[in-house]
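Step one of this worksheet: look at the structure below.
Here the structure is a predicted model, which is why all the values come from computation and not from measurement. Each chain gets a letter, A, B and so on, in the order the sequences are listed, and its residues count up from 1.
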Protein chains: 2
Amino acid sequence: MTSAQNATRERILASADQLFSKRGYAAVTLRDIASSIGIKHASLYYYAPGGKKELYVAVMERNFLRHRQGLTDAIVRAGVDVRMQLYAVADWFVTQPPLNLSRLHEADMDDLGSDQADALMTLAYDAMRTPLRSIFEPAAAAGLVQIHDFNVAALALVSLLQSVHNVPAHYPMPVRYQIGHTLVDMLLDGWRTR
Amino acid sequence: MTSAQNATRERILASADQLFSKRGYAAVTLRDIASSIGIKHASLYYYAPGGKKELYVAVMERNFLRHRQGLTDAIVRAGVDVRMQLYAVADWFVTQPPLNLSRLHEADMDDLGSDQADALMTLAYDAMRTPLRSIFEPAAAAGLVQIHDFNVAALALVSLLQSVHNVPAHYPMPVRYQIGHTLVDMLLDGWRTR
DNA sequence: GTCTATATTTCGATAGAC
DNA sequence: GTCTATCGAAATATAGAC
């Protein structure tokens, strides 16, 4: 496989990622993906002989692994303070396309085989849980936070932070970062007055 | 219009609501809706001459109005305590199909006219904001909670509570209610130790 | 590697029998 | 009111030229 092959496949996967993440499996056509990078849809079968399903699975695997790596790196760079680590997590999700876990296992997975769907969902959940556990576990051990179930907390944090993608489209990036930090503050400090 | 007409239209809208809410606009076909209530898809045009789009808009308007009414009633029944009111909100969302606001305005709305899409999104956001403001406003005025932006708080709460739909499918209802209450406690009390 | 051309299926929608 | 039959458009996928 030449590097030119890899480059084209890379452009395909990157564009498909944007489209699938935004609209979901059913609402994206192979012609959408192909035209977004200036080729015809039939050419996609040269890079993904399995067709739309193979493309979707490949894209989502990449997607989840990127999240896992991106979150891990962001947390490490943020230092040892829990709030700064969670700000870094929020910043990461602001820069990423929406991660619609609910749509993922309620709709998109119906078009895949159940074994492939299970494997993908496990990959997705691990991509969130593993990095976030590296925040929760030391903080809980040090008595800084009180979290009973790390898995529920991880899903809750991810679900909460996705609401930054629900603000009107014209909101500029700086405001989106600000909202992300506000959401973290909510979860960390709580609404109740102390 | 006879009552039999209304009854059939009711069955259509109810089933379409389940399907659209679960899979989204693009992934649901008129044949899916029709076969789910034992009729042929051509018969749907007798009740919705405007076709799929009209059916979707009608279903979603109903959906949002039901949420608005259901939330309002649940909050009133819960009494005056903020935590009990928020538990009632959590219980409501546990019993309802997933409310995927992100998919709504990132994917489903692309298939509608922009004016109709704007009207629907406004209806959706008001259905959440208005009932929740009746919790936030008195509680904030009494100094019980500290919330800077009611709109951000409302979207955050809804987004957070949707994570109860992300747990494995085999989780029984009592556990789902429990998780909903745990999510409310998280947001109310915060993770940070006091 | 990318294209054109086409096969096959499925969708939304309409016409008309009953 | 509900059906069968069918249309036209669009989707996935394949075949083969270049």
Side-chain angles (χ1 to χ4, degrees), chain A residues 1-60 103 107-113 116-117, chain B residues 1-20 22-60 103 107-113 116-117 120:
Chain A
M1 185 179 290
T2 71
S3 68
Q5 263 180 340
N6 278 328
T8 301
R9 182 178 162 87
E10 194 62 25
R11 292 177 60 214
I12 292 172
L13 292 179
S15 189
D17 191 7
Q18 291 282 337
L19 290 168
F20 280 135
S21 293
K22 178 171 162 58
R23 302 188 211 160
Y25 181 82
V28 174
T29 71
L30 294 180
R31 285 174 173 82
D32 290 335
I33 299 171
S35 72
S36 73
I37 62 167
I39 63 175
K40 298 296 179 182
H41 82 281
S43 302
L44 292 177
Y45 288 88
Y46 176 79
Y47 297 97
K52 188 179 181 181
K53 288 186 186 179
E54 178 190 318
L55 204 50
Y56 180 78
V57 172
V59 160
M60 286 299 133
R103 181 189 65 202
D108 292 357
M109 290 300 135
D110 291 1
D111 299 299
L112 272 54
Q116 238 176 356
Chain B
M1 184 179 288
T2 72
S3 68
Q5 263 180 339
N6 279 326
T8 302
R9 183 178 161 86
E10 193 62 24
R11 291 177 62 211
I12 292 172
L13 291 179
S15 189
D17 190 7
Q18 291 281 337
L19 290 168
F20 280 135
K22 177 170 161 56
R23 303 188 210 160
Y25 181 82
V28 174
T29 72
L30 293 181
R31 286 171 174 82
D32 290 335
I33 299 172
S35 73
S36 73
I37 62 167
I39 64 175
K40 298 297 179 181
H41 81 282
S43 303
L44 292 177
Y45 288 88
Y46 176 79
Y47 297 98
K52 188 179 181 181
K53 287 186 186 179
E54 178 191 317
L55 205 51
Y56 179 78
V57 172
V59 159
M60 285 299 132
R103 181 190 64 201
D108 291 357
M109 291 300 134
D110 293 359
D111 298 301
L112 272 54
Q116 241 177 355
L120 257 189

For A:Tyr56, side chain to side chain donor-acceptor pair (under 3.5 Å) partners two or more places apart: A:Asp108
Please report, rounded to the nearest Å, how far the P atom of C:dG1 is from the CZ atom of A:Arg9. 14 Å
Going by salt bridge (charged side-chain N to carboxylate O under 4.0 Å, His left out), name the pairs with one or both residues in residues 20-35 of chain A, residues two or more places apart or in two chains. A:Lys22-B:Glu106, A:Arg23-A:Asp32
Find the distance B:Tyr46:OH to D:dG1:P and express it as a whole number of Å. 4 Å
Side chain B:Lys53, main chain B:Gly113, donor-acceptor under 3.5 Å: no
Between atom CD1 in B:Ile39 and atom P in D:dT2, what is the gap in whole Å? 6 Å
When the distance from CD of A:Glu54 to C1' of D:dT12 is rounded to whole Å, what number comes out? 14 Å
Whole-Å gap separating P (D:dA11) and CG (A:Asp32): 7 Å
Let me know the distance between CD1 of A:Ile12 and P of C:dG1, rounded to the nearest Å. 12 Å
Can you give one letter per nucleotide of nucleotides 13-18 of chain C, going 5' to 3': B for a protein heavy atom under 4.0 Å from the base, S for sugar-phosphate only, - for none? BB----
Once side-chain contact (heavy atoms from CB on, under 4.5 Å) is applied, do any residues pair with B:Thr8, and if so which ones, sequence neighbours excluded? B:Ile12, B:Tyr47
Go through the structure and list residues passing side-chain contact (heavy atoms from CB on, under 4.5 Å) with A:Glu54, not counting sequence neighbours. A:Ala48, A:Pro49
Applying a 4.0 Å non-hydrogen cut-off, can you work out what A:Ser43 is touching in the nucleic acid: base, sugar-phosphate, or nothing? base
Would you mind writing out the side-chain donor-acceptor pairs for residues 36-46 of chain A within the sub-3.5 Å range, not counting sequence neighbours?
from    : atom 1 : to      : atom 2 : distance (Å)
A:Ser36 : OG     : A:Ser15 : OG     : 2.5
A:Ser36 : OG     : A:Ile33 : O      : 2.6
A:Tyr46 : OH     : A:Gln5  : NE2    : 2.7

Those residues that, when tested against A:Glu10, pass side chain to side chain donor-acceptor pair (under 3.5 Å) (two or more places apart): A:Arg62
Interface residues of residues 13-24 of chain A with DNA chain D (non-hydrogen, below 4.0 angstrom): none
Just to verify, what does A:Asp111 make a salt bridge (charged side-chain N to carboxylate O under 4.0 Å, His left out) with, not counting sequence neighbours? none
Among C:dT4, D:dT12, D:dT2, the one nearest any side-chain atom of B:Tyr47 is D:dT2
Is the terminal nitrogen or CZ of B:Lys52 (NZ for Lys, CZ for Arg) located under 6.0 angstrom from the six-membered ring centre of B:Phe20 and within 45° of that ring's axis? no
Quickly work out the B:Ile33 CD1 to C:dG12 C1' distance and round it to whole Å. 12 Å
Gap between atoms CG and P, on A:Leu44 and D:dA11 respectively (whole Å): 13 Å
